[in-house]
Protein chains: 2
Amino acid sequence: MNEAHTPAIDALALGGRIVPGDLPCLLCQARSSAVCSVLGEERIACLNDFVVRRRIDAGGRLFDEGDPAAHYFVVTEGAMMAFKEAHDGRRQITGFLYAGDMLGLNHHQRYVYSAEALNDAVVCQYEIADLRELFRAYPEVEHWLLRHCSDELASAHDQMFLLGRKNAMEKIATFLWFQVHRTRLRSRNLTLLDLPMTRRDIADYLGLTVETVSRTITRMRLAGTIGTIGKHGIDILDIEDLRQRAGGGRALRPATARRV
Amino acid sequence: MNEAHTPAIDALALGGRIVPGDLPCLLCQARSSAVCSVLGEERIACLNDFVVRRRIDAGGRLFDEGDPAAHYFVVTEGAMMAFKEAHDGRRQITGFLYAGDMLGLNHHQRYVYSAEALNDAVVCQYEIADLRELFRAYPEVEHWLLRHCSDELASAHDQMFLLGRKNAMEKIATFLWFQVHRTRLRSRNLTLLDLPMTRRDIADYLGLTVETVSRTITRMRLAGTIGTIGKHGIDILDIEDLRQRAGGGRALRPATARRV
DNA sequence: CGAACGCTTGAATCCAGTCAACCCCCGTGG
DNA sequence: CCACGGGGGTTGACTGGATTCAAGCGTTCG
């Protein structure tokens, strides 16, 4: 069971549902950043008993706010978003989630937000009921969750400052600034962002309307700060100007912000 | 030492800093709702080795965003607030905290927000370095923290919806609605709120200006929804109307929202 | 007593929202 | 093959809700 020579195909062919063996976990995009990163190579196989992989098509719902909360998820491929919706259609996206990010953790009976895929995505699904057992067997899993949860809380506070106190230009610039850091464009000496979300998604994330997002991006393009390529491409032409527009120093801490 | 007949004064008079004995912990306002609630009466004494009590005068700072994070705090008396401030004076209050709420938990080197007392307050102070030891000795402490942290995250998401998508009237009404539930006015058949914060604090919590807060409260008074008594008193005259103004059903879940 | 602060109110301003038109792209189906 | 429809995006004109600026009131405090 702990031998790593089992071919991936063996694990994947076990039945109707796709169960990851050692290899899928070892090769997983989220391996270095998700919960399972606390388990060494020799213990990663133990997840077989806990985890199911699920594929969600672009635009598909993973769960709805108010649904009975039976699972905890980790995004392993693609991008998802978490959001709240009111009766009248108003929507607030609370986070965009990428490989390694988690979804659905809470200690209530029901999910407190909805989750949808931005593009074709894959998630690891844990039974909430199994988590307690997992915590007992591997306390470092719980350490990791606590750490990650407090990180998300810190990001949420940054977002609250943005929503409550920044104007449209600062909001868009901050958003792009975090995207640049999330994708490590700078360290890779690249300038091209490929955003998986629509203008409407950006608006609903920043507390704006589509029109304002569009106008603001146009203003930044005319000013030479960025270039636009198609619907999803953003070329960062003047990163320092972007930083200035985002609001400069405080309340702009990409190092600690995991969720953008 | 475990004998409960020791007068509180003995424990409090031990020296320059105030060290709680069993009795202060047992009589603590936060006893039933804070981290220490997971420790039974027989084990509460063990906190002596970990905890120091600190008093903060109204308006006093507990710590600043960016300060080296050495402590974790639990509010035991009074009210505090957590906030972020920009160079230009813009401020976003991220939470008001009362007996049982926690402050300063994070896994970075520095505090990610500032904390200030709204009125004379008392906090329990834990060394961050001691927390790991505490987790090992009492895993339920870590369970509690994770649970509480995910609750705070849920509240933060509600607040993000409020900041990004609600108008002034809905913001104020939601704020008062949560205050009503926090103080359990309804179950006690009372209608009088005594808010510890100023209009400016409310404005900085809701992403508004003082003037808008004042005007909106006036409008609710003229409409007969509430009455105002002095600077801090609010009389809830029509709770159903308040609920309607707050936005009705979704995104209004006082049961799970601990921080308002 | 005067200064400071918190709160309220009024008038004017402005930033973002609303409403509407139009473009482009893409998938669909005649 | 092309006509069509729909969705996403952009732009313009106008509106409006919240901010800004300013003044005044009551209370507190040195």
Side-chain angles (χ1 to χ4, degrees), chain A residues 57-59 81 86 88-93 116 118-119 162-175 193-223 226-234 245 247, chain B residues 57-59 81 86 88-93 116 118-119 162-175 193-223 226-234 245 247:
Chain A
D57 295 333
M81 62 178 173
D88 55 15
R90 281 183 289 185
R91 186 177 69 153
Q92 178 67 44
I93 296 178
E116 206 173 287
L118 288 172
N119 45 33
L162 177 143
L163 290 168
R165 289 297 179 222
K166 289 192 173 182
N167 62 30
M169 180 59 81
E170 290 171 324
K171 284 177 174 180
I172 299 282
T174 305
F175 172 72
L193 277 178
D194 184 36
L195 303 177
M197 67 291 286
T198 66
R199 297 282 190 266
R200 173 160 298 281
D201 293 336
I202 297 174
D204 285 348
Y205 180 61
L206 300 177
L208 299 170
T209 59
V210 224
E211 293 93 330
T212 301
V213 169
S214 185
R215 269 187 261 270
T216 307
I217 286 179
T218 300
R219 281 213 287 145
M220 289 182 79
R221 179 162 44 73
L222 296 177
I226 60 171
T228 55
I229 298 103
K231 289 183 179 178
H232 295 286
I234 299 277
R245 287 175 188 271
Chain B
D57 295 334
M81 61 177 172
D88 55 15
R90 281 183 290 184
R91 186 178 68 153
Q92 177 67 43
I93 295 178
E116 206 173 286
L118 288 172
N119 45 33
L162 177 143
L163 290 169
R165 289 296 178 224
K166 289 192 173 182
N167 63 30
M169 181 59 82
E170 291 171 324
K171 285 177 174 179
I172 299 282
T174 305
F175 172 72
L193 278 177
D194 184 36
L195 303 176
M197 68 290 287
T198 66
R199 297 282 190 267
R200 172 161 299 281
D201 293 335
I202 297 173
D204 285 347
Y205 180 62
L206 300 176
L208 299 170
T209 59
V210 222
E211 294 93 331
T212 302
V213 170
S214 184
R215 269 187 261 271
T216 307
I217 287 179
T218 299
R219 281 212 287 144
M220 290 182 78
R221 179 161 45 73
L222 296 177
I226 60 171
T228 55
I229 298 102
K231 290 184 179 177
H232 295 285
I234 299 275
R245 287 175 188 272

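Numbered from 1 within each chain, the chains take letters A, B, ... in sequence-line order.
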Assign each of A:Met169 and A:Lys231 the nucleotide of DNA chain C bearing its closest heavy atom; nearer the 5' end lies the nucleotide of A:Met169
What nucleic acid atoms does A:Gly230 come within less than 4.0 Å of, heavy atoms only: base, sugar-phosphate, or nothing?
-> nothing
Taking the side chain as everything from C-beta on, heavy atoms only, tell me whether A:Asp201 gets closer than 4.5 Å to A:Leu195. no
Rounded to the nearest 0.5 Å, the CG atom of A:Asn167 sits from the CG atom of A:Leu208 at a distance of 9.5 Å
B:His232 NE2 to C:dC5 P, in whole Å, measures 15 Å
C:dT8 phosphate, OP1 or OP2, under 4.0 Å from B:Thr218 side-chain N/O: no
Of the listed C:dA16, C:dT9, D:dA18, the closest approach to the B:Ser214 side chain comes from C:dT9
*Does B:Thr212 have a side-chain nitrogen or oxygen under 4.0 Å from the phosphate oxygens OP1 or OP2 of D:dA18?*
no
From CZ of A:Arg215 across to P of D:dG9 the rounded distance in Å is 15 Å
In whole angstroms, the gap separating P of D:dG8 from CG of A:Asp201 amounts to 9 Å
>> Taking the basic N atoms (NZ, or NE/NH1/NH2) and the acidic carboxylate oxygens, is any pair closer than 4.0 Å for B:Arg91 and B:Glu116?
In response: no
Between CZ of B:Arg199 and P of C:dT9 the distance, given in whole Å, is 10 Å
Here the distance between atom P of D:dG9 and atom CG of A:Leu208, to the nearest Å, is 15 Å
Heavy-atom distance under 4.5 Å between the side chains of B:Lys231 and B:Arg199, does that happen here?
no
Looking only at N and O atoms, is any donor in the side chain of A:Arg165 or the base of D:dT19 less than 3.5 Å from an acceptor on the other one?
no
A:Arg221 CZ to D:dT10 C1', in whole Å, measures 9 Å
task: Would you confirm whether A:Gln92, through its side chain, and A:Asp204, through its main-chain N or O, come within 3.5 Å as a donor-acceptor pair?
output: yes
Taken to the nearest whole Å, CZ/B:Arg200 to P/C:dC7 is 9 Å
Whole-Å distance, B:Arg219 CZ to C:dC7 P, equals 19 Å
Notebook entry, point to check: Below 3.5 Å, does any donor atom in the side chain of B:Glu211 face an acceptor in the base of C:dC7, or the other way round?
Noted result: no
Is B:Thr198 near enough to C:dG6 that one of its side-chain N or O atoms lies under 4.0 angstrom from OP1 or OP2?
-> no
